Amino acid sequence: MIEIKLVVNDKPYTLEVEPSERLIDALRNRLGLLGTKEGCGEGECGACTVIMDGKTVNSCLVLAAQANGSVITSIEGVGNRRSPHRVQKAFVEVGAVQCGFCTPGMVLSAKNLLDKNSKPSNEEIGIAMSGNLCRCTGYDKILRAVKIAAEEGKE
Amino acid sequence: MKKRGIGLGCSWYGTGYGNGFPDVSSAFVEIHDDGSATVLTGAVDVGQGSNSIFAQIAAEELGLESQDICVYSGDTDATPDSGTTAATRQTYNTGNAVLKAVRQAKSSLLDYAAHEFSCPTSEGIELKEGFIGVKGDPSRRMPLADMVFQARLKGERFISAESSTARSTPVDPETGQGAPYWPYAFGCQMAEVEVNTETGMVRVLKVVAVHDVGKALNPTQVEGQIAGGVTQGIGFALLEELELKEGKINNPALSSYLIPTALDVPSIEALFVEDAECTGPFGAKGLGEPAMLPTVAAIINAIDDAVGVRITSLPATPEKILQGLAEKREGLEK
């Protein structure tokens, strides 16, 4: 077992993890943060996206031990029912969610984009969201929601 | 060189199991004394939004808001079978079962209320905006919750179990006659594409999709299903190919079986036609699968329009388009 220290959603944790343990498993099984979804498990679909030190990563491809000393934001740290993040609000407003499995990753990718770039172009939004696959929505409403959230952020 | 073209695709699609197989959905309903109602049905909402549709159907019939309706679905321990979430059938088939069940529970409520209001017939009672009362007489009405509460104290319950069966006949292979599906969904889409004649890459620039949904019970969901269908259609037309080798899938990963990403989708304009389906709940019928069908034809036709290459097997990969272009050049040289 390896001891790691990391900050998840503004809370510091010290965890004992297996050397081969993935970050997604540490988040889901050790911290009970079940909002992070495992889709393909091989870094293709983006469902398990979390923000690690300001970068979006596929948490299925990051070893928990590699996250030692890092700051992680998972979907639980973005907003909640009472005070949703503006990206989440926009998703609900336009109906950008169908089965919802890709949604946590989508929201994190969008949030990270808007944190860095408050006025993204359509192309920049497309590129930022292209690592997250969705089979239901056709992305149409998701891209619209990100645009709305970006507009709101400008005010 | 990049060349642009426009193509049209049309589709008609029989929804439900069809071909003589009885298509049954069922639902349990209870109207409660707090002015809410519960709908139980086996129909599984996989994200397309059938639970919202059932809540809307029940709310409309009971004069309530959809948030007053609790839908329990997809639990084989507690809910009655409503078949699979497939065949574009839940809005129409289970929607009909829910509507039938709501109407049955409502009918005993109306009978009870007619008696309470001294109205000669339940035909004279209406449910509207959370109230139950005598039609055309605003002085004789009360909140639905109060009426059901009083009824409960007298031992009345407003519950129902109903099923709805869509019937079809197999097609006679000799004559081609029969009624294999009901209802049919109709759609028409146009696609604009840009074909790179150097690389064979196709980019879809715009898709306009028009679908006959009977009645759009939830326009946001209709738009969502159309956009989802169009994007799957783009994958079907340009990217997706299941490679089988000796019964094994050669590309069982999202890195080798490519589906569209946010960068592959064009602007999608979703429009719908509301030509009421008289056998459907409030005139509605299904949209799920039909939304992706015309996309494929529209894209393939647009490629032909752009570069004069007729693609006859899917997907229209850059290799096939380049081969088509080469054959065309050879033909011209000869």
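If you're wondering where the values come from, they're calculated on a predicted model, not measured in any experiment. For the numbers below, each heavy atom of this structure counts, side chains included, while hydrogens, waters and symmetry mates do not.
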Original post:
Side chain, backbone, both or neither: which part of B:Gln221 has an atom under 4.5 Å from a heavy atom of chain A?
Top reply: neither
**OP:** Sort and list the pairs that fulfil side-chain hydrogen bond (donor to acceptor under 3.5 Å, both in side chains) and have at least one residue in residues 46-72 of chain A, not counting sequence neighbours.
**Re:** A:Thr49-A:Asn132
Subject >> Other residues, nucleotides, ligands: >12 heavy atoms within 6.0 Å of B:Met1 CE >> reply: no
Subject >> Between CG on residue A:Asp140 and CD on residue B:Glu269, distance to nearest 0.5 Å >> reply: 10.5 Å
Original post:
With only heavy atoms counted, which part of B:Ala253 is less than 4.5 Å from chain A, the side chain, the backbone, both or neither?
Top reply: both
Subject >> Part of A:Ile125 within contact of chain B (heavy atom distance under 4.5 Å) >> reply: neither
Subject >> Heavy atoms of other groups near B:Phe236 CZ, more than 12 under 6.0 Å >> reply: no
Original post:
OG1 of B:Thr231 to CZ of A:Arg135: how many Å apart, nearest 0.5 Å?
Top reply: 9.5 Å
Subject >> Residue B:Tyr72 excluded, over 12 heavy atoms near OH under 6.0 Å >> reply: no
**OP:** Test side chain to side chain contact (heavy atoms under 4.5 Å, CB included) on B:Thr220 and A:Lys141 and set out the steps.
**Re:** CA-CA 10 Å; B:Thr220 304; A:Lys141 285 179 184 291; 4.1 Å; yes
Subject >> Straight-line distance of A:Glu123 CD to B:Leu263 CG, nearest 0.5 Å >> reply: 8.0 Å
**OP:** Between chain A and each of B:Pro260, B:Ser267, B:Gly49, count heavy-atom pairs under 4.5 Å; write down the option with the most.
**Re:** B:Pro260
**OP:** Return the minimal non-hydrogen interatomic distance between A:Tyr139 and B:Val265, and the atom names on each side.
**Re:** CD1-CG1, 3.7 Å
**OP:** Return the option, out of A:Gly126, A:Ala128, A:Ser130, with the maximum number of heavy-atom pairs under 4.5 Å with chain B.
**Re:** A:Ser130
Original post:
Hey, does B:Ser256 have a side-chain heavy atom less than 4.5 Å from the side chain of A:Glu44?
Top reply: no
Subject >> For A:Cys40 against B:Leu254, the heavy-atom pair lying closest together >> reply: CB-CD1, 4.1 Å
Subject >> Heavy atoms from other residues, nucleotides or ligands near CD of B:Glu65 exceed 12 (cutoff 6.0 Å) >> reply: no
Original post:
Which atoms form the tightest heavy-atom contact between A:Gln98 and B:Gln48, and what is the distance?
Top reply: OE1-CA, 4.4 Å
